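Structure, as structure tokens:
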Amino acid sequence: MIRAVSGEGAQLCAAGIWARATARRDGVDPQDTASVVRGIRSALSAPGSSLQIADDTDHPVGFSVIVPHEDRLELRYLAVEPAKWGQGIGTALLHHLGEEAARQGFPTLELWVIDTNDRAIALYEATGWQDTGDVAVRHAHGPVERRLIRHLQPEGDRTSWVTLTHDWSRDVDIAHLDEARRSVGDIGVEQVVHMILEVLAYADDEAEAQGRIGTAMVRIHRSSVTVSDDGRAPTRVEMSTAR
């Protein structure tokens with residue numbers, strides 16, 4: 001679950017995740033979180049900014065800080081607990097960012113990433129971010145950073161969709177969905193599991209067509225199941241989470 005949080009405790013928690021994640025990335029001991037907390041607080045001082053926490057069974061395992069500008073939504077921080085790397089949490093946070101930008105009406109997402117952080121850049125590019133070619137040293141004595149953006153397509157605009165293994169540009173079969181809803185009481189556990197695996201298989205095909213491994217997250221709610229994946233990311237320009 002990803003939720004917006006506030007307060008000093010949440011900021012300290014996020015700073016700890018950031019310190020441990022960057023230490024693992026750089027192969028060093030975790031830094032003092034005091035400077036990280038100051039940076040997070042500075043970002044959150046901007047009007048409309050927010051801290052998003054990703055929970056795993058009510059335990060924080062990742063976070064992002066987003067800052068709105070006049071024509072874009074900026075991702076200022078993104079980090080996942082090192083013990084949870086490779087489980088799709090970073091991808092889920094990025095999908096959530098896209099949904100939040102769409103909700104607020106922003107057409108573009110922006111971030112700056114350390115130029116040598118190949119792991120992070122690979123994640124961003126796999127979820128639809130594009131390299132602008134802009135590089136800069138944005139902080140005194142800091143590393144060279146690279147600017148990436150992601151454009152969101154207006155809802156219903158399918159002109160730039162690309163068909164790989166499945167044609168996702170076709171309209172949803174509403175009649176079929178209505179029939180499925182009417183017969184939901186007849187669907188057993190085995191059928192639900194089969195449908196989830198089928199959805200994941202479609203996404204896996206799309207990822208394989210791009211020569212990479214896709215990631216997916218299955219969320220079990222009180223009365224429904226949500227499957228989110230990045231396997232179909234190259235199919236839609238806006239890279240919105242497929243459900």
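Keep in mind that what you see is a predicted model, and the values were worked out from it rather than measured. Sequence positions, counted from 1, serve as the residue numbers for this chain.
Here the closest heavy-atom approach between residue Pro60 and residue Ile53 is recorded as CB-CG2, 3.9 Å. Here the closest non-hydrogen pair linking Leu93 and Gly62 is CD1-C, 4.1 Å. Here the shortest heavy-atom pairing between Pro47 and Pro68 reads O-CG, 3.2 Å.
Taking CH2 of Trp112 as the reference point, atom CG of Asp134 lies at 5.5 Å (rounded to 0.5 Å). Note: Ile66 CD1 to Gln104 CD = 6.0 Å, rounded to the nearest 0.5 Å. To the nearest 0.5 Å, atoms CD1 (Ile17) and OG1 (Thr33) are separated by 12.0 Å. Rounding to the nearest 0.5 Å gives a distance of 14.0 Å between CZ of Phe63 and CZ of Arg3. Atoms CG and CZ, on Leu12 and Arg41 in that order, are 6.0 Å from each other to the nearest 0.5 Å. Annotation: the span from Gln130 atom CD to Thr108 atom OG1 amounts to 10.0 Å, rounded to 0.5 Å.
Checking side-chain atoms of Ser49 against main-chain N and O of Ala43 turns up a donor-acceptor pair under 3.5 Å. Between the side chain of Ser45 and the main chain of Ser42, a donor-acceptor pair closer than 3.5 Å is present.
At a threshold of 4.5 Å between side-chain heavy atoms, the hydrophobic network of Ile, Leu, Val, Met, Phe, Trp and Tyr places Val113 and Leu123 in one connected group. Ile149 and Tyr124 are assigned to two separate hydrophobic clusters, defined by single-linkage of ILVMFWY side chains at heavy-atom distances under 4.5 Å. Hydrophobic cluster membership is shared by Leu44 and Trp18, with clusters built from Ile, Leu, Val, Met, Phe, Trp and Tyr side chains linked at under 4.5 angstrom. In the hydrophobic clustering of ILVMFWY residues, with side-chain heavy atoms under 4.5 Å counting as a link, Leu111 and Leu97 come out together. Leu51 is not connected to Ile2 by any chain of hydrophobic side-chain contacts under 4.5 Å among Ile, Leu, Val, Met, Phe, Trp and Tyr, and they are in different clusters.
Partners of Arg25 according to the salt bridge (charged side-chain N to carboxylate O under 4.0 Å, His left out) rule, which considers only residues two or more places apart in sequence or in another chain, do not exist here. Every residue two or more places apart in sequence or in another chain was checked for a side chain to side chain donor-acceptor pair (under 3.5 Å) with Thr116, and none qualifies.
For the pair Val144/Arg146, no side-chain contact is recorded, criterion being any heavy-atom separation below 4.5 Å from C-beta on. A 4.5 Å side-chain heavy-atom check between Trp129 and Ile121 finds every atom pair outside the cut-off. Inter-residue side-chain proximity for Leu152 and Phe106 is flagged as unmet; no heavy-atom pair is nearer than 4.5 Å.
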Cut-off 3.5 Å, no hydrogens considered: what does the side-chain donor-acceptor table look like for residues 70-84, sequence neighbours left out?
| unit_1 | atom_1 | unit_2 | atom_2 | d |
| --- | --- | --- | --- | --- |
| Arg72 | NE | Glu110 | OE1 | 2.8 |
| Arg72 | NE | Glu110 | OE2 | 3.4 |
| Glu74 | OE1 | His69 | NE2 | 2.7 |
| Glu74 | OE1 | Arg76 | NE | 3.4 |
| Glu74 | OE1 | Arg76 | NH2 | 3.2 |
| Glu74 | OE2 | Arg76 | NE | 3.1 |
| Glu81 | OE1 | Arg20 | NE | 3.1 |
| Glu81 | OE2 | Arg20 | NE | 3.2 |
| Glu81 | OE2 | Arg20 | NH2 | 2.6 |
| Lys84 | NZ | Asp56 | OD2 | 3.0 |

